[in-house]
*Asks:* 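So that we are looking at the same thing, I have put the structure below in structure tokens.
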Amino acid sequence: IQGGLDVRALCHVTGGGFTENLPRVMPEGLGCQIVRGSWSSLPVFEWIQEAGGIAEDEMLRTFNCGVGMVLALPPEDAKRCVEGDGALEGAVSIGEVKSGIGGVEYV
């Protein structure tokens with residue numbers, strides 16, 4: 001992206017899913033509010049959930065559900081990543097960094 005990005009945190013979502021990985025990159029007092037359904041999940045995750053009878057919270061705790069990398073950016077940089085000519089291919093906004101959450105909250 002032209003002009004660069006002010007990356008505040010970067011998280012590779014691997015084993016441990018969102019619930020365990022995102023808090024590792026957040027400073028004390030900050031957490032993440034993730035909006036369920038804000039990204040397109042791959043069919044394989046739907047199949048795993050249905051075939052295994054796995055609850056959605058457990059899916060988000062265990063798998064990345066199709067989101068491999070999360071960037072924490074100031075709102076203006078986040079908007080540049082997902083909209084307009086300079087948008088990053090495949091980038092979507094999935095939530096916000098919030099104070100007082102202390103982990104990951106799903107809404």
*Asks:* So, taking the atom named CE in M69 and the one named CG in L88, what distance separates them when rounded to the nearest 0.5 Å?
*Replies:* 12.0 Å

*Asks:* If hydrophobic clusters are built from ILVMFWY residues whose side chains come within less than 4.5 Å, do V35 and I94 share one?
*Replies:* no

*Asks:* For the OG1 atom of T62 and the CZ atom of F45, what is their distance to the nearest 0.5 Å?
*Replies:* 11.0 Å

*Asks:* For a 4.5 angstrom cut-off between non-hydrogen side-chain atoms, does L60 reach C65?
*Replies:* yes

*Asks:* Tell me the closest heavy-atom pair linking L5 and C81, and the distance in Å.
*Replies:* CD1-SG, 3.7 Å

*Asks:* State, yes or no, whether a side-chain contact exists between E58 and T19 at a heavy-atom distance under 4.5 Å.
*Replies:* no

*Asks:* Transitively linked via ILVMFWY side-chain contacts under 4.5 Å: L42 with I48?
*Replies:* yes

*Asks:* Could you see if I34 belongs to whatever hydrophobic cluster contains V107? Use Ile, Leu, Val, Met, Phe, Trp, Tyr and a side-chain cutoff under 4.5 Å.
*Replies:* no

*Asks:* Looking only at non-hydrogen atoms, find the nearest pair between C32 and L22 and report the distance.
*Replies:* SG-CB, 4.0 Å

*Asks:* Please report the interatomic distance CD(E20) to OG1(T14), rounded to the nearest 0.5 Å.
*Replies:* 9.5 Å

*Asks:* Might you point out which heavy atoms bring I101 and G31 nearest each other, and give the distance in Å?
*Replies:* CB-CA, 4.0 Å

*Asks:* If you take the centroid of each ring, where Trp contributes its six-membered ring, are F18 and W39 closer together than 6.0 Å?
*Replies:* yes

*Asks:* Are L73 and V97 linked, directly or through intermediate hydrophobic residues, by side-chain heavy-atom contacts shorter than 4.5 Å (ILVMFWY only)?
*Replies:* no

*Asks:* Any chain of hydrophobic side-chain contacts (each under 4.5 Å) joining F63 to V67?
*Replies:* no

*Asks:* Strictly distance-based, threshold 3.5 Å: is any side-chain N or O of Q49 a donor or acceptor partner for the main-chain N or O of I54?
*Replies:* yes

*Asks:* Looking at G103 and P23, what are the two nearest heavy atoms and their distance?
*Replies:* CA-CG, 3.9 Å

*Asks:* Evaluate the criterion side-chain contact (heavy atoms from CB on, under 4.5 Å) for residue pair L10 and V25; output intermediate values, then yes/no.
*Replies:* CA-CA 7 Å; L10 179 69; V25 300; over 6 Å; no

*Asks:* Does CD in E76 sit with more than 12 non-hydrogen atoms of other residues, nucleotides or ligands closer than 6.0 Å?
*Replies:* yes

*Asks:* Looking at S41 and E46, what are the two nearest heavy atoms and their distance?
*Replies:* O-OE2, 4.0 Å

*Asks:* Quick one: pull up CE in M26 and NZ in K98 and give me the separation to the nearest 0.5 Å.
*Replies:* 13.5 Å

